[in-house]
2 protein chains.
Amino acid sequence: MTVSRVLNNSGRVAPETRLRVEQVIRELGYVPNALATGLFKGRTRTIALIVSDISNPFFTVIVRGVEDLAQRNGYTVVVGNSDESVEKERQYVASLISKRIDGLLITPAGNGSRRILEALGRRGSPFVLIDRDVEGVTADSVTGDNVAGAKLLTQHLIELGHRRIGFINGRRELSTSRDRQRGFEMALRERGIELNPVLIGDNAHRRDEAYRVAHQLLELPPEERPTALIAGNNVLVIGVIEALRSAGLAVPEAMAVVCFDDLELASALDPFLTVVAQPVRSFGTIAAQFLLERLNGEADVQPRRVVLTPELVVRRSCGAGLGPLVI
Amino acid sequence: MTVSRVLNNSGRVAPETRLRVEQVIRELGYVPNALATGLFKGRTRTIALIVSDISNPFFTVIVRGVEDLAQRNGYTVVVGNSDESVEKERQYVASLISKRIDGLLITPAGNGSRRILEALGRRGSPFVLIDRDVEGVTADSVTGDNVAGAKLLTQHLIELGHRRIGFINGRRELSTSRDRQRGFEMALRERGIELNPVLIGDNAHRRDEAYRVAHQLLELPPEERPTALIAGNNVLVIGVIEALRSAGLAVPEAMAVVCFDDLELASALDPFLTVVAQPVRSFGTIAAQFLLERLNGEADVQPRRVVLTPELVVRRSCGAGLGPLVI
DNA sequence: TTGAAAGCGCTAACAT
DNA sequence: ATGTTAGCGCTTTCAA
């Protein structure tokens with residue numbers, strides 16, 4: 001019909017006819033059926049965002065950024081929670097393919113995501129990795145420099161005089177965890193501090209595991225016990241603080257604690273931790289930007305990998321922990 | 001084709017044919033086109049969730065609950081951010097209608113949402129209100145008992161000896177704010193405490209406004225100054241705490257602070273506030289349940305309104321504030 | 001048990 | 001400047 005031309009501003013329509021059509025559209029409350037358009041065009045102007053935990057403030061900020069940019073560009077965002085499960089990711093991606101979503105933004109659950117993403121790529125759907133890399137997958141990605149971030153935190157503690165630094169790290173499966181651990185170890189080595197494997201509690205999946213691991217570190221004999229703790233992310237640090245509290249240790253008076261990621265709201269509360277902050281919102285917006293560019297065919301063929309630089313935010317002296325615990 | 005019958009388990013298909021079809025489906029990596037199905041059936045197995053701020057942990061928990069339940073029932077969730085703007089809501093709903101989303105869950109931005117929701121209802125799309133009511137709209141809804149919650153907080157403070165209680169409340173436009181203020185005033189009246197309008201700072205939209213309002217209350221002459229503050233929600237309370245900190249007042253030693261809503265992560269930090277906690281996750285899951293029931297035609301015609309009971313969580317004595325500030 | 005026809009609402013290409 | 005045709009991929013109905 002002529003209606004289509006009016007709605008899309010395509011082709012010539014007599015001004016008078018246009019007005020008449022617009023009038024009727026308003027009267028009828030007519031809304032075009034995007035399913036039919038999508039069916040015909042093969043595009044739905046919908047993108048998907050799969051995060052591993054939507055109730056984690058870190059990912060929340062990403063969601064917000066993505067939603068914002070998508071909305072401004074006329075795209076709708078479908079949000080999925082993978083719960084760090086590759087299986088749930090698979091289900092999601094299947095549903096997205098079925099619904100002919102134009103592209104995907106994802107914080108992959110692990111290296112197992114590789115096959116899923118490859119399958120998606122084979123269908124011609126562009127996707128962008130956020131926060132984490134997947135071994136063997138080459139695609140647009142927006143991540144932080146986790147090696148550098150871990151070095152910043154570690155160096156900070158070392159400069160304050162700490163020598164026995166505990167590290168409570170996240171899932172080994174994640175590139176972020178691996179990189180952070182690498183940065184930690186590098187920083188120690190550069191300063192000539194011997195790495196004590198006992199002080200590394202890695203592969204903590206959740207807050208309660210961080211709690212447990214922190215407790216283990218506290219039970220070390222005094223001469224081995226850490227004077228400072230680095231938590232691998234914003235969730236683990238809560239478990240760490242809870243463990244310290246239950247042990248009657250004040251932060252940072254009795255134990256220095258630093259961590260990755262800044263929580264906007266929590267940063268107003270106590271303890272004001274020294275953290276390595278990442279420009280998280282940019283993770284989302286840049287990734288969305290990349291995806292939209294690909295969808296518009298504006299992007300080069302070769303993948304772009306952006307690594308954003310983290311920043312040390314010193315909120316409170318972490319040197320204090322040295323006192324009571326150093327024998 | 002016979003393929004459709006195989007995929008939907010409808011009609012008779014020879015076992016042998018079925019196997020052959022399944023084989024080919026696997027070989028081709030065939031995925032049915034949900035757009036075509038939706039176009040024909042008029043249903044998309046997609047629901048939308050519009051919240052006012054997806055980076056607010058309160059709503060985040062709702063998103064999580066909704067996503068969870070939807071996923072388990074084979075539905076996809078489209079998430080939108082209204083930023084407390086009715087205009088953005090309108091745009092979203094238009095896009096959702098166009099995409100033939102089956103139903104909507106919404107934390108409405110205000111009474112202006114009424115027209116939008118009525119229009120949606122006229123199209124036959126079911127929707128469920130979450131957390132907030134809209135004047136003049138009758139629909140399924142899941143909310144908290146905000147009058148009761150405010151009374152709990154106020155009574156708690158009164159019992160601890162506070163008489164001058166400040167109230168920093170959220171947007172007047174929201175039913176939650178109005179109800180909370182009503183509960184606050186009722187509790188005062190019931191205990192025979194005269195209401196001092198000066199102590200009510202209402203209509204704070206954001207954290208910085210709460211900060212400003214709290215500062216105003218602190219600048220009152222000593223004999224009028226509050227000894228305790230109630231913050232209208234989890235975001236405003238941060239502003240309040242920041243204001244107290246900048247004024248050098250410890251919480252709760254120098255000033256009692258209580259608020260609505262419990263933040264899972266922040267609750268592990270200092271100050272451990274006494275709060276009225278709501279079963280927020282249930283807001284999402286119950287609302288989603290209602291919506292899905294309607295979509296399945298299982299629900300009665302008359303709207304169901306669920307009001308969930310809040311609970312006082314006492315984390316730290318709020319009586320302490322009485323000391324220094326009471327002249 | 002399987003196939004053929006028609007139509008869901010849209011748009012690109014081709015008439016008129 | 002407008003209308004007609006055909007087809008995107010599916011499902012329902014009816015026929016074989």
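Residue numbering restarts at 1 for every chain, and letters A, B, ... go by the order of the sequence lines.
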J.: List in chain and number order the residues that pass side chain to side chain donor-acceptor pair (under 3.5 Å) with A/R304, two or more places apart in sequence or in another chain; answer none if no residue qualifies.
T.: A/E293

J.: Scan for side-chain hydrogen bond (donor to acceptor under 3.5 Å, both in side chains) pairs involving residues 105-115 of chain A, sequence neighbours excluded, and state none if there are none.
T.: A/E89-A/S113, A/R114-A/E118

J.: Could you work out, with salt bridge (charged side-chain N to carboxylate O under 4.0 Å, His left out) as the rule, every residue matching B/E84, not counting sequence neighbours?
T.: B/R132, B/R171

J.: What residues, two or more places apart in sequence or in another chain, satisfy side chain to side chain donor-acceptor pair (under 3.5 Å) together with B/R206?
T.: B/D208

J.: Categorize A/S10 for me: base, sugar-phosphate, or nothing, with a 4.0 angstrom heavy-atom threshold over every strand shown.
T.: nothing

J.: Determine the sole option in B/V78, B/I54, B/I130 for which the side-chain contact (heavy atoms from CB on, under 4.5 Å) test with B/L49 is passed.
T.: B/I130

J.: Please list all pairs meeting side-chain hydrogen bond (donor to acceptor under 3.5 Å, both in side chains) that have one or both residues in residues 10-21 of chain A, counting only residues at least two apart or in different chains.
T.: A/N9-A/R18

J.: If the condition is side chain to side chain donor-acceptor pair (under 3.5 Å), which residues does A/T44 pass it with, not counting sequence neighbours?
T.: A/D102

J.: Round to a whole Å and report the spacing from CG of A/N8 to C1' of C/dA12.
T.: 11 Å

J.: Which of the following nucleotides, C/dT1, C/dG3, D/dT11, is nearest to the side chain of B/R12?
T.: C/dT1

J.: Would B/D68 and A/N81 satisfy side-chain hydrogen bond (donor to acceptor under 3.5 Å, both in side chains), going step by step from the backbone distance to the final call?
T.: CA-CA 8 Å; B/D68 217 53; A/N81 227 22; 5.4 Å; no

J.: Rounded to whole angstroms, how far apart are CZ on B/R5 and P on D/dC14?
T.: 14 Å

J.: Going by side chain to side chain donor-acceptor pair (under 3.5 Å), name the residues that satisfy it together with B/N233, two or more places apart in sequence or in a different chain.
T.: none

J.: In degrees, rounded to 10°, what is the bend between the two ends of the helix from C/dT1-D/dA16 to C/dT16-D/dA1, using five pairs at each?
T.: 50°

J.: Return the set of residues passing salt bridge (charged side-chain N to carboxylate O under 4.0 Å, His left out) with B/D133 (not counting sequence neighbours), or none when no residue passes.
T.: B/R305

J.: Whether A/S4 contacts C/dC10 is assessed here as follows: a side-chain N or O lying under 4.0 Å from the phosphate OP1 or OP2. Is that the case?
T.: no

J.: Could you work out, with salt bridge (charged side-chain N to carboxylate O under 4.0 Å, His left out) as the rule, every residue matching A/D140, not counting sequence neighbours?
T.: A/R294

J.: Near DNA chain D, which residues from residues 33-42 of chain A have a heavy atom under 4.0 Å away?
T.: A/L39, A/F40

J.: Starting at CD of A/E16 and ending at P of D/dA1, how long is that distance when rounded to a whole Å?
T.: 13 Å

J.: In this structure, how many angstroms lie between the P atom of D/dG9 and the CZ atom of A/R43, rounded?
T.: 16 Å

J.: Which ones in residues 18-29 of chain B lie close to DNA chain C, meaning a heavy atom under 4.0 Å from one of its atoms?
T.: none

J.: Given D/dT2, is OP1 or OP2 found less than 4.0 Å from the side-chain N or O atoms of A/T2?
T.: no

J.: In whole angstroms, how far is the C1' atom of D/dT11 from the CG atom of B/N9?
T.: 15 Å

